[in-house]
Amino acid sequence: MADKLNKNLDTGDTLYGIVIRSTIENGTILGITSPKQDERFFMIGPEDVPGGNRVAVYDDEFPLFASSEISYRGQPIVALFGPDMETVEIKSREIEIDFQLATEAANHDLKHVHSPISYSWGSIQEVFDQSESSFERTYVDRRVWTREDTVTRVISWLDNNQLHIEAPTQWPFHVRDTVAEACGRTKKSVVISPSSHFSPKDEKLLIPSVLAAIAGIATIKTGQRVEIGSRFPTYRSPLTISRKTALDAQGSPIAEEVEAVVDQGAFPLFTAELFKQILAGLVPLYDLKAFSSTVRIVESHNPPSHFFGDLGYSSALYSTEAHASALARNKQSNPSNWRIKHYVDGTNRLEVLETLPSNKLRDLIEETCAISDFARHHSVYELQRKTKKSISTFLNYSRGIGISCGAGISGFSLDSPLNTAAKISITLNTNNKIEINSSFHASRKISTLWRATIANELSIERENILFIEPNTDQMVDTGPDVLSLDVERSVMMIQQCCDGIKSKRFKEPLPITESATAKSALSGTSKAMFSSKNWGCLIIELEVNTITLEVQVRRVWGRFSFSNTTEINRLRVKFRHIINTSLSECNVIPIHREGGPPLMDIQVNTLGSNSSPSSATSALRAMVMASCAAALSQALNCDATAMPITSEDIIGYLRREE
Amino acid sequence: MKINCTIDNKSISLTVNSNKPLNLILMEDVEAPNMDARCRDGFCGNCVVLLNDEAVLSCLIPAFKLKGARVLTFDGFKRTRFWHDLERAYEDTGSHPCPHCYASKTLIFEALLQTIVKSDEGPSRDEEPSEETIVEEIALNRCPCLDAHEMIDIFKAAATYRRRRRVRRY
Amino acid sequence: MYEGIRSPAVHLPKTMSDLVSVATRFPNATFWAGGTFLMSRHDYYPTRDSNDIISLSEVPDLGRINRTDRYLEIGSMVTFEDMLKVGKQVLPGLLQETLERTATRIVRRHITMGGALCTEGIRLALPGTLVSLQAEVEVKTCLGPKTETKWLDLHRLYDKLGVLQLKKNELITRIRLGFERENFSYFITAGNPMLNPQETVFLSFACSYNQSVIQKFSMCLTFPTSLILVPKEIDMMMQGTLLPLTSQQISRVVRNVMEEILSASPQEYPPMQIERARGFVESAMHELNAQSLSER
């Protein structure tokens, strides 16, 4: 083999593994034909799991390997191991799996429906009965998945009877617990060393646990170092949201009925929290006498989906904002003026979502509209939409402009059990050195933010603030690193630790260790399920090229207000990244015109309060989708309610117009 | 096939299949850090390295083309002085690629910077690529995190530093 | 090297006769031009039994660009980037644009003219453009002492569905372009042929006119996996037509092209490709009108 550039371990006897997955959605495994006899290779399946063939996620679980029933395409069936990646990959093609497709054709798409949850206020039926008219739309946030261009690699080895796992993971203690259960070992005998990763779509939340468990089983079986890789994508749950709004004589909304149906695939996980995150997004900012919302989870034979950058908030908020634009269009009103008129502080929604005062949002809307000249653009494109007979290649474009806004939330709901266990601790050692103990990976972002907070609170040099050795032997469990918890809740927890240290410093001997849980950090704050400390407003101008039939972005304007942030530049860069990525997910392409103005005009400002920040990333994704939908509706003279836009949609809209 | 080449300034002797792609060689045989791109006809553009000072998609380079070649990955490039031009450009503009495509986009920027001055002819000849070329070249990497203006601003800032470096050299 | 996986032998002929000799001795070997298409296939590596490789990179005859009185002759191993360096005075604008739009510079350094014409199962933009420019290719049959060389019109290299008609032992060695220049050219594409071939369309169009009368009208429409259409009837119909075209004439051209597309194959083409093809042809006619009017 080749000389290695750098290695910490002798990798001479490493075994390489590959996961063999189902190629059918639903059915039964009739038999598995192993590859031709070769002692260099071995297979692991459900019968080889020493402990439990399952991956537990709080109260839910799913199988590690499919035993005989296949629940989704891509479900792990067996794993093959051999002396090197190439021969393992070729050998894996010799494995033949006989499937029998399920005969339940009628229930192919919907396996099971969980009990829905609801939230409402007012007397919905009464208000609907009194209304002048109603307006109904169904919004769809279609299934997408990550492009797996990189390999998720997990390495396991035995050292002094301890099973070591190196894996990129957002949840090291879940990897530990899964490996311990699958391998039939105690948790203390399994040590996880998390490696660096970049997971904007939560790609490393549960997949590493699955791979680590499989690798751990192979290591225990052979005593050898094992490396296993996978490129299985992460999926987003598709949501279908129906909104029916009762209108008064002036066309203003007075009541609304919303139903959201979420397909979580074969194994729903995090359902209780998912319900709440979606509810928070469904509640509109306009005043209503009555409101009723229901969230329904369904299972299907799609791959399991849950976290995808957020837990459904962005999809729900997209429907809310797209509906606001549709209501404005129905009333033939400018959507920005409509929002300024109707968006008010609502006491009814306080149980679910507490926001900054709505006058701050109205200021943002006015500012964003002023810099984008929204009113003029909107009027011109409305005129074009109304007078144009057909989309012609002579006038080779069709334009629209859309606006949306929203409040950003982060973290789990207030009373979520997921807050209880999450912990961070800080130790003030001698020589004025601080040691941070958390299972969140010390990325550049976290290092900068946490160090800045501690340095500010305790007046300690940043160079003297260190992170503990990253392995589960030393770390405390901060829970899954999702929903921007590393930004908001963690900062609150660190501040609480610092307060504890401050009270004991110079009074008690060193070292002083203080811990905080998310629950304790949140106690005494708002009573709402979610509390938002920011507003955002986004305007997108789109053009449909009527020759190439591509949807192109001309300009993007965004204004964001945070109650408190010290990282305005970092946020601006991050928001640009998110907007660019979200536009790409919507299947719209930015245009570059040489010598033209910049594509994006994004500004972030702070209101200068002392409250802790909340993230705006999931709200921003929603705003991009909603603005695109509104702009497309204008450009194509249709109701664009499903995102991302596909070529079939565009053809459908064009042919309907003709 | 036995191949002798230089990877990140270290002489390496490889025994690999003649048609093994360079990105797999870097990932599996050499275990270069930060090399984990394997999209398999996804055309991600995340496997860029410098081969004989030219940017290439390493998944398209078979082993038999590496005889006597000099390969520089992003980790090797970071140890050169040219990296600082881009590092400062990222700081000055306040924009940078996301962690997913940071390495690849940086090397594509470097490939564009190399076109500014032809080293054999001294500092007088300046062939700055057009904005359209800059955007198209960076778009080889399909991660959409940077928009066109950011790409152009980063390039222009880095080009300024690179020209100063060239002038000092002569 | 891995037991169970064959490492292909790599042959590096240095002359054309070496090349013919190697190709005859190893008839199952793969001709390796730039290798970009082969390496980009997701199932290329690893495979148990890879064919031997005959690398064409060291045959000097294949890497030359020659200019004669009548033709520009391009060796099949000339890369896209080398072609662009030939210069605007020599290279037709249509070809220049096609080469630039096919790939970025980083990839163009490795894509060869011959390789881009011979991609298995997919047609990129180059064949359509060369067909519109009425290019010819030299095809060498490597059968030991009975080596044959012939020049073909490029459109005969493919059937109507875009399937390559070259046999295993045949090799493209040169491409020839006449110096007669069109005074209007138009290239348009939408979609990514490698990621989304079912929605991608290329249109290459070259037209010569003199005193507003069309003398040559050459169009080629490509769907990467299912069509190379050279509407010869329209080409003949448009010769002698006065510019600018009327809206009825434009509609007739579009209608004829669409009829030819729909009758080319029993399979149904995706609606996006059909709509794009329609839009591209119509847009090309409008652009031709615009240019002819601007010259008055």
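Order of the sequence lines sets the chain letters (A, B, ...), proteins ahead of strands, with each chain counted from 1.
- With rounding to the nearest 0.5 angstrom, the CZ atom of Arg593(A) is 9.0 Å from the NE2 atom of His149(B).
- The shortest distance between side-chain heavy atoms of Glu150(B) and Asn580(A) falls below 4.5 Å.
- Between Phe198(A) and His100(B), the two ring planes are parallel [angle under 30°; tilted spans 30° to 60°].
- The minimum heavy-atom distance between Glu594(A) and Ser130(B), with the atom names listed, is OE2-CB, 4.3 Å.
- Residues of residues 104-111 of chain B lying under 4.5 angstrom from chain A, judged on non-hydrogen atoms, do not exist here.
- Both the backbone and the side chain of Pro598(A) have a heavy atom closer than 4.5 Å to some heavy atom of chain B.
- For Arg231(A), the part lying under 4.5 angstrom from a heavy atom of chain B is the side chain only.
- Contacts with chain B were tallied for Arg572(A), Arg153(A), Arg576(A), Met85(A); Arg576(A) has the most, counting heavy-atom pairs under 4.5 Å.
- Close approach to chain A, defined as a heavy atom under 4.5 Å from one of its heavy atoms, is seen in Arg142(B), Pro144(B), Cys145(B), Leu146(B), Asp147(B) of residues 140-147 of chain B, taken by number.
- Proximity to chain B (any heavy atom under 4.5 Å) is restricted, for Pro597(A), to the backbone atoms N, CA, C and O.
- Shortest non-hydrogen contact noted between His592(A) and Ala148(B) is ND1-CB, 3.5 Å.
- By the 6.0 Å contact criterion, CH2 on Trp83(B) is enclosed, its count of non-hydrogen atoms from other residues, nucleotides or ligands being greater than 12.
- For Arg570(A), no part lies under 4.5 angstrom from a heavy atom of chain B.
- Only the side chain of Ile152(B) comes within contact range of chain A, with at least one heavy atom under 4.5 Å from a heavy atom of that chain.
- Contact check for Glu86(A) versus Lys20(B): side-chain heavy atoms found under the 4.5 Å cut-off.
- When the shell of 6.0 Å around CG of Asn4(B) is examined, it contains more than 12 heavy atoms from other residues, nucleotides or ligands.
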